[in-house]
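To start, the structure under review is shown below, and the notes come after it.
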Amino acid sequence: MQSQTTIEKLHDKVSQILQKYHSMKGENEMLRNELITLKAEKEVRDQEIEKLTEQNVMKDLEIEEIVNKIESIIG
């Protein structure tokens, strides 16, 4: 009778461990997917920042050219 109780306790503990494992595995997968999504969003944002930085540099050069033309006209 005592053996059955011990086996049942062991079975319950193993079941709890398996349930926790599956729960954590699902949470881990969810976090992994979220991380992948966030990395992709960051990459898009980084590309947009780089594009805007390049545009800003080009605008600065354009402004500098305009200032030089104005200065050459004025004297």
| Quick one: NE2 on His11 to CD on Gln16, what's the gap to the nearest 0.5 Å? | 11.0 Å
| Can you name the residues that form a side chain to side chain donor-acceptor pair (under 3.5 Å) with Glu43, not counting sequence neighbours? | Gln47
Review item, side-chain donor-acceptor pairs of residues 48-68, under 3.5 Å, at least two apart:
from, atom 1, to, atom 2, distance (Å)
Thr53, OG1, Ile49, O, 2.7
Asn68, ND2, Glu64, O, 3.4

| field | Gap between atom NE2 of His22 and atom NZ of Lys25 - 0.5 Å precision | value | 7.0 Å
| query | Can you tell me if CE on Met24 sees more than 12 non-hydrogen neighbours from other groups inside 6.0 Å? | reply | no
| said: With clusters defined by side-chain heavy atoms of hydrophobic residues (ILVMFWY) lying less than 4.5 Å apart, directly or transitively, does Leu18 cluster with Leu10? | reply: yes
| field | Contacts of type side chain to side chain donor-acceptor pair (under 3.5 Å), residue Asp12, not counting sequence neighbours | value | none
| task | Can you spot which of Ile36, Thr37, Leu35 makes a side-chain contact (heavy atoms from CB on, under 4.5 Å) with Lys39? | result | Leu35
| request: Check whether more than 12 heavy atoms from other residues, nucleotides or ligands sit under 6.0 Å from atom CD of Glu41, and answer yes or no. | output: yes
